[in-house]
Amino acid sequence: MQDIKTKAVDEIENTEDLEAKKLENYNLTISDRCITEEPEVPETLWFYCEKPQGDTRNGFPLFLENPKNNSDNFTWCRFSKIDAKKLEDCFQTQNYEKKVLLKDDYLFEADLQLMRMTAVYWIGPYFEIRRSFWFYKPVSTFIPCCKELSEQLEQGFQKLKPWKLSFDEKNLNDDQIKFKLTDLYEKQYCVFESPAGAIIHSELIASKIGRVVIGALMSNENFGGTKTLRGWNQVLEVTGSKNVEFCNDEFDEEVTSFDREINHVIFCVHGIGQNLAKKMDSMDLPVSVDQFRLLFQKSSSIIKTDHPDLNIPELGGVQVLPIQWRQQLNVYERNFKNCEEDSDEENEFLSLEDVTLPGIPSIRSLCNDVMMDLLLYMTSHHKQHMVNHLTMEINRVHTLYMEKNKDFKGKFSIFAHSLGSLLVADILANQENEILDNTNGADNEAAMKDNEIYMVEKPDFNFSENLRAIGRGNAKFFKKFSDSDIKYQKLNFDVNMLFEVGSPLGLFYFLRGNRLKGKRDEHGEDKNPSVVNLKVKAVYNIFHPHDPIAYRLEPTVNKSKSKVLPQRIKHTKGGITSIAVGINDTQNKLFSTIETLKNFGIFNKYNDVEGEAGSCKESKSTNGFENWEREIAILNPNQLRLDFSLTENVTESMNPYLSALLAHNGYWIDQDVCCFILNELYTSL
């Protein structure tokens, strides 16, 4: 009997051992299975900050002193798939010295050593780049982690292996879920709350107290902190939307960088007020040119619909690039000495701030930033620097573009706004004789001293006499009072078309006593110094009728042209304005026809006594009409006109004084301007 009991007990013990072994094997199986199911490494994505992190231009301070902290508040944009692949390929090869061309038309390049994106053709702000599959939520949206934080979070993820833990249980200790951060984040730590998510907390006393108090009220000891997620899919799962705020600005699976056909390159020269770009991003020339470029692409479809016979490629085939000259003028810094040349004392240098009154600082700052450019242009010392910087910048961008686009066979044109049109016109008017070599720095200054065109003696100024001389275009007066001591460099290319917008060139030609003429030929060269000849194939003076800065140009060729209305640019925006335009055009054509008939003497009545004299007068008038028309035809063989007016809309017509405030800076976003330029570029003779 005892043997039976002993045998039964042994069987039970054996059964318990077997169950224990099964349980142990089961646990081992579970452990092994968890290891084999380690989450895959998520796709690494590339982003850039929408807000510039700093600026490389002379005189422009960094917008942000510490990008790690300040970039949290900005929007981050995701690179397209092709751009991201190029960045990742370069990153994997560790060829960090190579610049990666990015975005449409490859206008930007990435430096993976500094993790920055900068413009290729212009000097301006740089944008931070991040490569990461870790994301955190500092404010209201998830943004990519920087390299240092991403690496530390991944290190903690691999060390603690949170995918093995059951976060439903509340008995997890700190050693299982807490990871201490180092380096830039030495006073912070992360606590994993899910297999692919963690919360970053601060070790500061104030943060701990706030977390304990609020956590007790919310029954969550991990309340607060910065939430982080591993993998873009986790972000989409948490937010419940594919259109996450920080990345829907640029990324589209169908949108990629592309090689589009380019037939024309337009250099855009800014006018006054560019110094305001330090304070207002909207005034920055590259920002305006970006809008202008996109508007060209949009307008190309309109031109192709209206003129299907024109061979316009996809998206217009026009590249526009900014030309910045104001950033090189350090007027706000020490400008010149007011004492001996060999003195080195700091207080012997005079700057603009020294002569500016402290009262009404906002208005004075605005005047210094805007109106100062015009005063600089009227001072020969500063105008010389303006001309030099503008010419060298145009040549630099032209050379760089040809180096990066060796197959380009198109033409180069210039789009000059406001004061920029004056500088460009002066440069193009002095291209016949090469005054300076295209050198930089001290070589240029030496050449300027050695080469002189005119050195005239300054006469006494009689206001009333010389004002009459201005109106007559007196050549002698012009020679005496012109800034003929300015030296000009030669452009590296021939300018196809010059588009002047919001230009006061007509006013300055009047003040100088200039007369605009067509290009001189070998036999008919005009020696009159008041005559201006622009070395360009076609000139266009485009203006809004309410622009207070713009002036007409055709009367500088012949005064009678002032009675002829400027040619109206076709209105392409639709709406009720198109109806009003049709009525105005009919009325203008009627008046223009009557004026033309008057010029030919159709309405003149001659008696028998005055018949012979009247006939002579009519012949003389007709010949004069043909002469100045021929001059305009040389200046613009495409349209046989120089002045082109935009159409004001109904609102602007009702209150022209209000529209005048915005008219001068509205050319960059005007669809009619883009359509007109496209049409002229592709219908040129």
Side-chain angles (χ1 to χ4, degrees), residues 51-65 70 73-74 122-126 268-291 322-338 346-386 389-390 393 416-423 501-504 507-508 546-550 657-669:
K51 189 76 173 179
Q53 299 296 289
D55 206 304
T56 58
R57 288 173 285 189
N58 293 339
F60 277 62
L62 293 179
F63 291 122
L64 302 172
E65 297 179 357
N70 293 288
N73 300 322
F74 298 145
W122 61 91
I123 301 173
Y126 60 81
C268 297
V269 182
H270 64 78
I272 62 175
Q274 191 60 203
N275 205 50
L276 280 175
K278 301 176 184 179
K279 307 170 184 176
M280 302 171 57
D281 292 344
S282 59
M283 294 296 295
D284 199 8
L285 179 64
V287 175
S288 300
V289 171
D290 285 343
Q291 298 174 339
I323 302 295
Q324 300 164 296
W325 53 265
R326 183 60 177 84
Q327 62 188 19
Q328 301 294 337
L329 298 177
N330 297 323
V331 182
Y332 290 87
E333 300 177 358
R334 297 179 305 179
N335 211 17
F336 60 88
K337 287 185 178 181
N338 56 4
E346 292 291 332
N347 58 2
E348 293 174 351
F349 288 91
L350 188 64
S351 67
L352 182 61
E353 294 180 355
D354 296 332
V355 296
T356 302
L357 293 175
I360 53 172
S362 299
I363 297 178
R364 293 190 187 278
S365 177
L366 181 63
C367 292
N368 287 344
D369 291 336
V370 178
M371 301 307 299
M372 182 58 60
D373 293 344
L374 184 59
L375 299 178
L376 294 176
Y377 174 79
M378 300 175 67
T379 307
S380 59
H381 168 74
H382 294 290
K383 180 179 178 180
Q384 181 68 75
H385 289 292
M386 288 180 171
H389 295 321
L390 177 56
E393 183 67 9
H417 177 243
S418 187
L419 179 61
S421 65
L422 301 181
L423 293 170
V501 294
S503 173
L507 172 63
F508 277 79
H546 301 163
D547 187 349
I549 309 298
Y657 293 98
L658 181 61
S659 67
L661 300 176
L662 304 175
H664 187 62
N665 291 322
Y667 301 101
W668 306 99
I669 55 175

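Predicted model, so just to flag it, every value in this text is computed and none were measured.
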*asked:* Using the rule given for side-chain contact (heavy atoms from CB on, under 4.5 Å), can you reason through Val289 versus Trp122, listing the C-alpha separation, both sets of side-chain angles and the distance that settles it, and then say yes or no?
replied: CA-CA 11 Å; Val289 171; Trp122 61 91; over 6 Å; no
*Taking all heavy atoms of Gly502 and all of Asp547, pick out the closest pair and write down the distance.*
CA-OD2, 3.2 Å
*Do Ser421 and Val501 come within less than 4.5 Å of each other through their side chains, counting heavy atoms only?*
no
_To check you understand the geometry: which heavy-atom pair defines the closest contact between Asp373 and Gly273, and what is its length?_
OD2-N, 3.0 Å
*Just wondering, are more than 12 heavy atoms of other shown residues or ligands nearer than 6.0 Å to CG in Leu375?*
yes
*Within the distance-only criterion (no hydrogens, no angle test), does the side chain of His417 pair as donor or acceptor with the backbone N or O of His664 below 3.5 angstrom?*
yes
_Minimum heavy-atom distance Met386-Leu423, with the two atoms named_ = CB-CD2, 3.9 Å
_How close do Phe508 and Met378 get, counting heavy atoms only, and between which atoms?_
CE2-CG, 4.3 Å
*What is the distance from atom CE of Met372 to atom CD1 of Ile272, rounded to the nearest 0.5 Å?*
12.0 Å
*Minimum heavy-atom distance between Gln274 and Asp284, given as atom pair plus value*: OE1-OD1, 3.3 Å
*Working to the nearest 0.5 Å, report the span between SG of Cys268 and OH of Tyr667.*
14.5 Å
*asked:* How close do Leu390 and Val269 get, counting heavy atoms only, and between which atoms?
replied: CD1-CG1, 3.8 Å
_Do Ile363 and Cys367 have side chains that approach each other closer than 4.5 Å (heavy atoms only, starting at C-beta)?_
yes
*Side-chain contact test, heavy atoms from C-beta onward, threshold under 4.5 Å: evaluate it for Trp325 versus Leu419 and give yes or no.*
yes
*Spell out, as yes or no, whether a donor-acceptor pair under 3.5 Å connects the side chain of Arg364 to the backbone of Pro358.*
no
_Check: His385 and His389 side chains under 4.5 Å, non-hydrogen atoms_ = yes
